[in-house]
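Structure record follows, encoded as structure tokens.
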Amino acid sequence: VQLQASGGGLVQAGASLRLSCEISGRFYSRYALGWFRQAPGREREFVAAIKWSLGTRRYSDSVKGRFIISRDEGKNTVYLQMNSLKPEDTAVYYCGYKANSYYSEDIVGVSEYDFWGRGTLVTVSS
């Protein structure tokens, strides 16, 4: 499985940005895709995730109500719509692939994911 993330950039606080992650390869039927981020000097943290077949979504508390994760099945692409961006959202954003998801809680941990794409940098200026 390969993942290709794009859409990062430099924006001002309050602006919006949409990240995309296109996946390719052979997938399991119960796979999930997630967005994580890593700020300088910090560990990678969960942002949002979606179970591909069910459409179940999970968000971290820090982005709930501002970010929206969605998918385009025809394009094998997952999106992260980021609204009302804050300087603390500045980080490298990564998309990850989890081969088999059986529970609602098994898509929020970094260690749960099997493959990662290269990150895309989001910088939010104040």
Side-chain angles (χ1 to χ4, degrees):
V1 174
Q2 294 185 326
L3 304 95
Q4 181 66 47
S6 61
L10 171 63
V11 297
Q12 291 188 329
S16 297
L17 206 58
R18 189 177 79 160
L19 305 182
S20 302
C21 179
E22 183 178 359
I23 60 172
S24 59
R26 298 185 65 180
F27 316 127
Y28 288 85
S29 61
R30 302 180 68 90
Y31 73 94
L33 294 176
W35 285 101
F36 290 73
R37 65 188 181 187
Q38 188 166 14
R42 302 188 66 176
E43 294 185 352
R44 191 171 297 190
E45 65 175 8
F46 171 72
V47 175
I50 185 168
K51 298 190 180 215
W52 195 261
S53 60
L54 297 176
T56 305
R57 296 165 172 82
R58 291 292 306 274
Y59 296 93
S60 70
D61 289 341
S62 62
V63 307
K64 196 174 296 182
R66 298 189 297 123
F67 291 10
I68 301 171
I69 188 170
S70 62
R71 70 195 191 289
D72 185 325
E73 296 182 57
K75 295 182 178 180
N76 284 338
T77 299
V78 64
Y79 302 99
L80 185 68
Q81 177 67 42
M82 304 186 295
N83 302 317
S84 302
L85 282 161
K86 305 175 181 179
E88 51 263 45
D89 294 318
T90 295
V92 177
Y93 283 70
Y94 298 89
C95 58
Y97 168 87
K98 177 178 172 64
N100 289 289
S101 174
Y102 297 96
Y103 310 105
S104 62
E105 295 296 321
D106 69 3
I107 57 174
V108 302
V110 174
S111 61
E112 298 279 1
Y113 286 75
D114 303 290
F115 295 97
W116 295 92
R118 298 180 69 176
T120 183
L121 176 62
V122 173
T123 304
V124 184
S125 63
S126 57

Check your understanding: If you measure from the Lys or Arg side-chain nitrogens to the Asp or Glu carboxylate oxygens, is any gap between Glu22 and Lys75 under 4.0 Å?
Key -> no
Point to revise | Salt bridge Lys64-Asp61, side-chain N to carboxylate O under 4.0 Å | key: yes
Practice item. Of all the heavy-atom pairs spanning Ala91 and Ala39, show the shortest one and how long it is. Key: CB-N, 3.8 Å
**Study point:** Closest non-hydrogen atom pair between Thr120 and Gly7, with its separation
**Key:** OG1-N, 4.0 Å
Return yes if some donor-acceptor pair links the side-chain N/O of [X] with the main-chain N/O of [Y] below 3.5 Å, else return no.
X: Arg58; Y: Ala48; answer: no
X: Thr90; Y: Val124; answer: yes
X: Tyr59; Y: Ile69; answer: yes
X: Arg37; Y: Trp35; answer: no
X: Tyr113; Y: Ile107; answer: yes

If two hydrophobic side chains count as joined below 4.5 Å and joins carry through other members, does [X] share a cluster with [Y]?
X: Met82; Y: Tyr94; answer: no
X: Val47; Y: Val11; answer: yes
X: Val110; Y: Tyr97; answer: no
X: Val63; Y: Ile50; answer: yes
X: Leu33; Y: Phe115; answer: yes

Check your understanding: Given Leu85 and Leu17, is the side chain to side chain contact (heavy atoms under 4.5 Å, CB included) satisfied, shown in steps?
Key -> CA-CA 8 Å; Leu85 282 161; Leu17 206 58; 3.9 Å; yes
Could you state the interatomic distance from [atom1] ([X]) to [atom2] ([Y]), rounded to the nearest 0.5 Å?
X: Lys51; Y: Ser53; atom1: NZ; atom2: OG; value: 8.5 Å
X: Ser70; Y: Leu80; atom1: OG; atom2: CG; value: 8.5 Å
X: Arg30; Y: Asp106; atom1: CZ; atom2: CG; value: 9.0 Å
X: Asn100; Y: Asp114; atom1: CG; atom2: CG; value: 8.0 Å
X: Gln12; Y: Ser125; atom1: CD; atom2: OG; value: 5.0 Å
X: Arg118; Y: Cys95; atom1: CZ; atom2: SG; value: 12.0 Å

Exercise for review: Determine, step by step, whether Trp116 and Leu3 satisfy the side chain to side chain contact (heavy atoms under 4.5 Å, CB included) criterion, reporting the C-alpha distance in whole Å, the side-chain angles of both residues, the deciding distance to 0.1 Å, and the verdict.
Suggested key: CA-CA 7 Å; Trp116 295 92; Leu3 304 95; 5.7 Å; no
Exercise for review: Determine whether the side chains of Trp52 and Tyr31 contain a donor N or O and an acceptor N or O closer than 3.5 Å.
Suggested key: yes
**Study point:** Any side-chain donor near an acceptor of the partner, Asn83 and Ser16, under 3.5 Å
**Key:** yes
Practice item. For Gln4, look at atom CD and say whether over 12 heavy atoms of other residues, nucleotides or ligands are found less than 6.0 Å away. Key: no
Exercise for review: In sequence, state the C-alpha distance, the side-chain angles, and the governing distance for Val122 and Leu19, and then conclude on side chain to side chain contact (heavy atoms under 4.5 Å, CB included).
Suggested key: CA-CA 9 Å; Val122 173; Leu19 305 182; 4.0 Å; yes
Review point. Tell me, do Gln81 and Phe67 make a side-chain contact under 4.5 Å, heavy atoms counted?
Key: no
Review point. Can you find a pair of side-chain heavy atoms, one from Arg71 and one from Arg57, that are under 4.5 Å apart?
Key: yes
Practice item. Apply side chain to side chain contact (heavy atoms under 4.5 Å, CB included) to Ile23 and Thr77, showing your working. Key: CA-CA 6 Å; Ile23 60 172; Thr77 299; over 6 Å; no
Check your understanding: Relative to each other, are the rings of Phe46 and Phe36 parallel, tilted or perpendicular (30° and 60° limits)?
Key -> perpendicular
